[in-house]
Amino acid sequence: MIFISAGNLYTPGTVPYKIATKLSDNPVPWDVNEDQRNNGAVYSFMRFFDNKVMTTPKGYSRAAIKKLDEKYTKIADKINKTRKSYINKQTVIYVLSESFSDPTRVPGSHVTPDPMPNIRKIKNETTSGLMLSSGYGGGTANLEYQALTGMSLTNFLPTLTSPYVQLAASAKYLPNVSNYWSIKNAIHPYFPVTYDRSAVYKNMGFQKFYTLYSPKIKYTKRIGNSPYISDFSAYKNVLWVLKKHKKSQFIQMPTMQNHMSYNNWYKKYTFKISSTYNRSSWESGVVKTYVQGVSYTDNSTKWFIKKINKIKKPITIVWYGDHLPGIYDSEISNPNNMLSLHETDYFIYSNKASKTHNVKLTDNTSYTSPNYFQALLAEHTNSKVSPFLALMTELREQIPASSNALAKTGTAMWSPENNQGNIYLNSNGKQIKYSQLTSKQKSLLKDYKMIQYDITKGNHYVKNDGFMKVPSK
């Protein structure tokens with residue numbers, strides 16, 4: 001009976017939905033173990049049998065999509081009047097820094113000296129801020145999916161726990177940021193099968209995917225006893241791939257150095273760490289190793305930026321941490337710390353050969369979400385936009401950040417009608433409830449959901465109408 005009805009778990013008005021609502025079922029799609037603890041194994045298990053991805057937005061049709069196309073084409077035309085550059089005329093590198101986030105920002109934590117002075121300096125000099133992550137201790141591919149596609153987990157049903165595995169690997173239509181370039185490659189200093197990346201990257205149009213297997217990355221050194229390839233080696237692999245092509249290109253690279261678990265990997269520890277929380281010996285040990293790894297990333301990133309600056313062609317880097325490491329057990333037990341433990345660091349940096357080398361956007365950039373990186377990249381580089389990026393630009397200005405990962409348990413059933421389960425941040429990082437949003441903000445979210453449905457689950461009306469096409473030269 002469970003299997004028969006599970007497909008209606010998130011369909012309002014059905015018996016499974018009504019029962020789950022009465023039981024205050026509150027999905028935790030980013031963490032199956034926590035989902036089972038909070039809601040029970042049965043409902044957590046049932047989520048895997050509802051593969052709707054998204055509920056069909058009210059009024060969805062070819063005519064509705066055409067209307068949105070016309071609306072955002074006008075906005076794109078207005079934006080493009082003042083934009084002088086074309087995104088495909090420069091090289092862009094996306095760097096997902098595994099588990100990177102400022103350790104000094106963890107509630108109650110004190111670290112001396114500063115473990116990330118170089119990245120902090122970079123952030124102070126270029127477009128940067130904090131990224132609201134949907135993950136904690138995991139969910140890397142979910143952040144990567146949002147950054148590459150511009151789609152948001154807030155629009156999906158809770159049953160879509162892994163867009164890469166459940167959606168992107170077999171999607172018939174998968175527009176993403178790499179589409180703007182004829183040369184696009186990916187690098188991951190680990191195994192290619194993780195999160196089904198091989199299939200996903202191929203479906204996205206990447207020509208080569210360099211990993212520990214064929215085609216192999218060139219640099220594979222580790223630090224101390226760490227089982228993972230260092231960020232220094234990862235950056236050297238990026239420079240190696242860059243040299244293979246003279247034309248502008250796109251490179252995607254998630255790193256591995258700071259991946260869990262942290263087991264006293266390094267020979268030397270140079271930081272004093274304390275906390276107002278009574279951390280266990282295990283917590284203290286893994287935090288010590290993690291902070292030292294952050295320092296290695298900081299130094300490697302400084303070196304990488306210097307190398308990029310010596311290249312005589314325009315290059316822009318979109319750099320972000322995907323989530324905090326799952327090592328702050330004491331801190332996360334306090335509900336008041338949930339937001340802080342879902343904030344990572346990001347920056348967008350253009351090298352000295354770029355016209356936007358000294359650009360530092362400050363308009364609603366203090367907080368962002370990974371789905372906005374394409375729009376931020378276009379604005380930072382003064383590049384012309386597609387109607388889709390015009391929508392994302394408008395939405396980012398109105399709602400700088402959003403996530404599906406901070407809903408309080410035991411409150412109400414997730415609902416596609418009232419966006420229950422999602423949170424929104426204003427430019428000051430203050431949480432806003434959906435009910436507090438303005439009519440314009442709600443209208444933009446409605447338009448966004450309609451477009452995301454068409455792309456991921458609908459009839460792909462936008463595929464051939466130019467909605468996703470960025471002006472090129």
Side-chain angles (χ1 to χ4, degrees), residues 93-106 109-131 133 140 143 187 189 219 221-239 251 253-275 285-310 315-325 327-328 340-341 343-352 360 366 368:
I93 304 167
Y94 268 37
V95 176
L96 182 157
S97 188
E98 172 63 41
S99 297
F100 190 95
S101 187
D102 184 354
T104 68
R105 207 172 50 248
V106 173
S109 184
H110 185 66
V111 182
T112 54
D114 184 359
M116 47 173 283
N118 299 306
I119 290 176
R120 204 178 306 282
K121 185 175 185 294
I122 295 168
K123 289 185 66 176
N124 286 336
E125 296 173 350
T126 193
T127 301
S128 66
L130 300 180
M131 187 197 82
S133 173
T140 297
L143 281 307
I187 303 166
Y219 302 97
K221 285 188 177 181
R222 296 163 171 80
I223 304 172
N225 295 320
S226 172
Y228 303 116
I229 290 170
S230 72
D231 283 353
F232 183 71
S233 290
Y235 287 141
K236 289 180 73 174
N237 284 311
V238 171
L239 296 172
I251 296 176
M253 185 185 70
T255 68
M256 281 299 293
Q257 178 191 287
N258 295 316
H259 196 285
M260 289 181 70
S261 299
Y262 314 100
N263 187 22
N264 199 28
W265 294 334
Y266 309 121
K267 295 179 180 179
K268 188 177 181 181
Y269 292 89
T270 57
F271 298 93
K272 290 184 64 176
I273 306 168
S274 61
S275 175
V286 294
V287 169
K288 178 184 72 171
T289 301
Y290 171 73
V291 170
Q292 195 66 47
V294 165
S295 178
Y296 288 130
T297 297
D298 184 66
N299 290 324
S300 298
T301 303
K302 177 184 178 182
W303 174 86
F304 181 56
I305 294 294
K306 282 186 176 181
K307 288 291 185 180
I308 292 295
N309 275 328
K310 290 180 180 179
I315 299 174
T316 295
I317 301 166
V318 176
W319 191 102
Y320 64 101
D322 55 344
H323 54 73
L324 272 77
I327 58 177
Y328 300 109
S340 297
L341 295 176
E343 293 174 342
T344 67
D345 296 83
Y346 88 90
F347 65 78
I348 301 177
Y349 180 87
S350 296
N351 70 344
K352 291 182 178 180
K360 179 177 174 61
S366 296
T368 195

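Any value given below was found using the heavy atoms of this structure, including those in side chains, with hydrogens, waters and symmetry copies removed. As the structure is a computational prediction, the values presented were derived from the model and not from experiment. Throughout, numbering of the chain's residues begins at 1 and tracks the sequence.
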Roughly how far, to the nearest 0.5 Å, is OG of Ser274 from NE2 of His110? 5.5 Å

Using the ring centroid of each side chain, check whether Phe232 and Trp303 are separated by less than 6.0 Å. yes

Kindly say whether His323 contributes a backbone atom to a donor-acceptor pair with the side chain of Thr344 at under 3.5 angstrom? no

Quick one: are Tyr296 and Ser230 in side-chain contact, heavy atoms under 4.5 Å? no

Worked verdict on Tyr228 versus Thr255 for side-chain contact (heavy atoms from CB on, under 4.5 Å): CA-CA 9 Å; Tyr228 303 116; Thr255 68; over 6 Å; no

For the atom pair CD (Glu98) and CG (Asn258), what is the distance rounded to the nearest 0.5 Å? 7.5 Å

Could you go step by step and tell me if Gln257 and Thr297 meet the side-chain hydrogen bond (donor to acceptor under 3.5 Å, both in side chains) rule? CA-CA 8 Å; Gln257 178 191 287; Thr297 297; 3.0 Å; yes

Step by step, would you call Tyr266 with Thr289 a side-chain contact (heavy atoms from CB on, under 4.5 Å)? CA-CA 7 Å; Tyr266 309 121; Thr289 301; 3.8 Å; yes

Which atom names give the shortest non-hydrogen contact between Arg120 and Thr104, and what distance separates them? NH2-OG1, 3.9 Å

Closest contact, heavy atoms only, Ser109 versus Pro103: OG-O, 3.6 Å

Would you check if there is a donor-acceptor pair between the side chains of His259 and Ser99 at a distance under 3.5 Å? no

Does some side-chain heavy atom of Val287 sit less than 4.5 Å from a side-chain heavy atom of Val106? no

Smallest separation among heavy atoms of Glu343 and Ser101, with atom names: O-OG, 2.9 Å

Passing candidate, ring pair (Phe, Tyr, Trp, His ring centres under 6.0 Å) with Trp319, options Tyr346, Tyr94, Phe100: Phe100

Modelled atom types, side-chain donor and acceptor of Ser261 and Asn263, under 3.5 Å: no

So, does Lys123 use its side chain to make a donor-acceptor pair with the main chain of Gly129 at under 3.5 Å? yes

Under the criterion side-chain contact (heavy atoms from CB on, under 4.5 Å), I'd like the reasoning laid out for Met253 against Ile93: C-alpha separation, chi angles, the key distance, then a yes or no. CA-CA 8 Å; Met253 185 185 70; Ile93 304 167; 5.7 Å; no

Can you name the closest pair of heavy atoms from Tyr219 and Ile229 and give their distance? O-CG2, 4.1 Å

State, yes or no, whether a side-chain contact exists between Ile317 and Ile305 at a heavy-atom distance under 4.5 Å. yes

Interatomic distance, Leu96 atom CG to Asp322 atom CG [nearest 0.5 angstrom]: 4.5 Å

Does any part of the side chain of Ile308, heavy atoms only, come nearer than 4.5 Å to the side chain of Leu239, both counted from C-beta? yes

About how many Å separate NZ of Lys307 and CD1 of Ile315, when rounded to the nearest 0.5 Å? 13.0 Å

Tell me if the NZ atom of Lys302 is crowded by more than 12 foreign heavy atoms within 6.0 Å. no

Modelled atom types, side-chain donor and acceptor of Thr316 and Ser350, under 3.5 Å: yes

Assign the ring pair Tyr349 / Phe347 to parallel, tilted or perpendicular, where the plane angle (0 to 90°) is split at 30° and 60°. perpendicular

Relative to each other, are the rings of Phe304 and Tyr235 parallel, tilted or perpendicular (30° and 60° limits)? parallel

State the CZ-OH distance between Phe271 and Tyr290, to the nearest 0.5 angstrom. 12.0 Å

Evaluate the side-chain proximity of Tyr269 to Val291: yes if any heavy-atom separation is below 4.5 Å, no if none is. no

What is the minimum heavy-atom distance between Thr270 and Gln292, and which atoms define it? N-OE1, 2.9 Å

With rounding to the nearest 0.5 Å, note down the distance linking CG in Asp298 to OG in Ser97. 10.0 Å

Determine whether a donor-acceptor pair (N or O, by modelled atom type, separation under 3.5 Å) exists between the side chain of Asp231 and the backbone of Thr301. no

Using modelled atom types and a 3.5 Å cut-off, is there a donor and acceptor pairing between side-chain atoms of Thr126 and backbone atoms of Ile122? no

